[in-house]
Participant: 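Have a look at this one.
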Protein chains: 2
Amino acid sequence: MNTCIRLYADPVQIKTCKEKVENTENAFSQMSAVLSLAGNEVRLKILYLLEEEKELCPCDLSDILGMSIPAISQHLRKMKDGGIIQARKEGQTIFYSLKPEHLKMLRSLFKYINELNAKMELA
Amino acid sequence: MNTCIRLYADPVQIKTCKEKVENTENAFSQMSAVLSLAGNEVRLKILYLLEEEKELCPCDLSDILGMSIPAISQHLRKMKDGGIIQARKEGQTIFYSLKPEHLKMLRSLFKYINELNAKMELA
DNA sequence: TTATTATTTAAGCAAATTCTTAAATAAATA
DNA sequence: TATTTATTTAAGAATTTGCTTAAATAATAA
């Protein structure tokens, strides 16, 4: 760890930054966990679809996304473990839906996806 | 790919969803690329710090985050390749800053980080 | 009870991620 | 010119990711 000592480095700025990061450590860790879940294209689509359709089962998602059931199931489990979706059982079908917890943040991502899409349709 | 044919599956819903996903394909791919960059804790911190400080060099970031220079440099390159940060050279120092492109979206993430942090300080 | 259906779980594997150390650039200084 | 400084690049290793196939659960239907 050879810390380079820049001639023009501002020690006060560095110290302030260190404190900021330290005080926000938990928020960073929580937030990056959620973002890494949403940062996979398949999972992002699932989240988007759950927002649109309220709830969907692994079978539907497999059909819609053209992927194997186990692949979908494993993505769902990951997001359930991460606390961003929840499951409801009805007979032998399991319906997944978005958990309220990070919904506000996820919605802002969906909004941005729609904006991006609108932009690209123009071009 | 043994598509399961649920008895109560709604073929119209499935078809509509397929079309939605197909029409938004590019936006999903762009968006998930950005989110996967932000979904790493180190990179999320770097992005946050760049927003706060306007610009920082690899050396500063290495100091602030307590990580080796090459590790930081590789994260920066990844984000530069991904088009979310930019570089400015001044002598032998290279200053990195956020690119305007996805700034609006990133800012909403930072806002959420601050909200999360405020919540956690209460508890 | 036996078979079918919806889903999960487990094992295995290829590819991607993220660090480390060492070497290469490239600008500034002695 | 030779040395120091800031940064990048490359190679390698440990870990994680995301799929596949096959087997295990569990609810429904015959």
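The figures that follow rest on heavy atoms only: side chains count, while hydrogens, waters and symmetry mates do not. Here is how names work: the chains are called A, B, and so on, in the same order as the sequence lines, proteins then strands, and each is numbered from 1. Everything numeric in this text was worked out from a predicted model, so none of it was measured.
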Participant: As a test of reading the structure: which of C:dA10, C:dT8, D:dT7 is closest to the side chain of A:Gln74, going by heavy atoms?
Facilitator: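 My answer, after comparing the listed nucleotides, is C:dA10.
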Participant: Can you list every ring-ring contact (aromatic ring centres under 6.0 Å, His included) pair that touches residues 60-88 of chain B, not counting sequence neighbours?
Facilitator: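 Listed by first then second residue: nothing to list.
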Participant: Would you mind reading off the distance between B:Leu76 atom CG and D:dA6 atom P, rounded to a whole angstrom?
Facilitator: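 In whole Å, D:dA6 P lies 16 Å from B:Leu76 CG.
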Participant: Between B:Glu115 and B:Lys119, is there a side-chain N and carboxylate O pair less than 4.0 Å apart?
Facilitator: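 No salt bridge links B:Glu115 with B:Lys119.
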Participant: Could you tell me the separation between the CG atom of B:Asn117 and the CG atom of A:Asn23, rounded to the nearest 0.5 Å?
Facilitator: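 If I round to the nearest 0.5 Å, the distance is 7.5 Å.
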Participant: Do B:Glu22 and B:Lys18 sit within salt-bridge range, that is, some charged N less than 4.0 Å from a carboxylate O?
Facilitator: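 Here B:Glu22 does not pair with B:Lys18 in a salt bridge, since their nearest N and O are not under 4.0 Å apart.
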Participant: Does B:Glu41 come within less than 4.0 Å of B:Arg43, counting only side-chain N to carboxylate O?
Facilitator: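 Salt bridge: no.
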Participant: State which of C:dA6, C:dT8, D:dG18 makes the closest approach to the side chain of A:Arg43.
Facilitator: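 Taking heavy atoms from C-beta onward, the closest nucleotide is D:dG18.
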Participant: I need the CG-C1' distance between B:Asp63 and D:dT5, as an integer number of Å.
Facilitator: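 Interatomic distance, CG of B:Asp63 to C1' of D:dT5: 14 Å.
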Participant: Provide, to the nearest angstrom, the distance between the CE atom belonging to A:Met67 and the P atom belonging to C:dT8.
Facilitator: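 Going from CE in A:Met67 over to P in C:dT8 covers 14 Å.
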Participant: Going by heavy atoms closer than 4.0 Å, what residues in residues 80-90 of chain A are next to DNA chain D?
Facilitator: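 Correct list: A:Lys89.
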Participant: Hey, which of these two, A:Ser36 or A:Gly91, hits DNA chain D nearer its 5' end, going by closest nucleotide?
Facilitator: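 It is A:Ser36 whose nearest nucleotide is closer to the 5' end.
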Participant: Could you please name the option among C:dC19, D:dT8, C:dT7 that lies closest to any side-chain atom of B:Tyr96?
Facilitator: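 From the listed options, D:dT8 comes nearest.
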Participant: Can you tell me which nucleotide in D:dT8, C:dT8, D:dC19 comes closest to the side chain of A:Pro70?
Facilitator: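 It is C:dT8.
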Participant: Taking only the side-chain heavy atoms of B:Ser73 (C-beta and beyond), determine which of D:dT9, C:dT8, C:dT18 contains the nearest atom.
Facilitator: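 Taking heavy atoms from C-beta onward, the closest nucleotide is D:dT9.
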Participant: Separation of A:Lys78 atom NZ from D:dC19 atom C1', in whole Å?
Facilitator: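 Taking atom C1' of D:dC19 as the reference, NZ of A:Lys78 is at 11 Å.
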Participant: Using the side-chain heavy atoms of B:Ala71, tell me which of these nucleotides is nearest: D:dT8, C:dT8, C:dC19.
Facilitator: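 Selected nucleotide: C:dC19.
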Participant: Need to verify one output field. Residue with the more 5' nearest nucleotide on DNA chain D, B:Gln92 or B:Ile72?
Facilitator: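 The answer here is B:Gln92.
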Participant: Salt bridge or not for B:Glu52 and B:Lys45, using N-O below 4.0 Å?
Facilitator: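 Here B:Glu52 does not pair with B:Lys45 in a salt bridge, since their nearest N and O are not under 4.0 Å apart.
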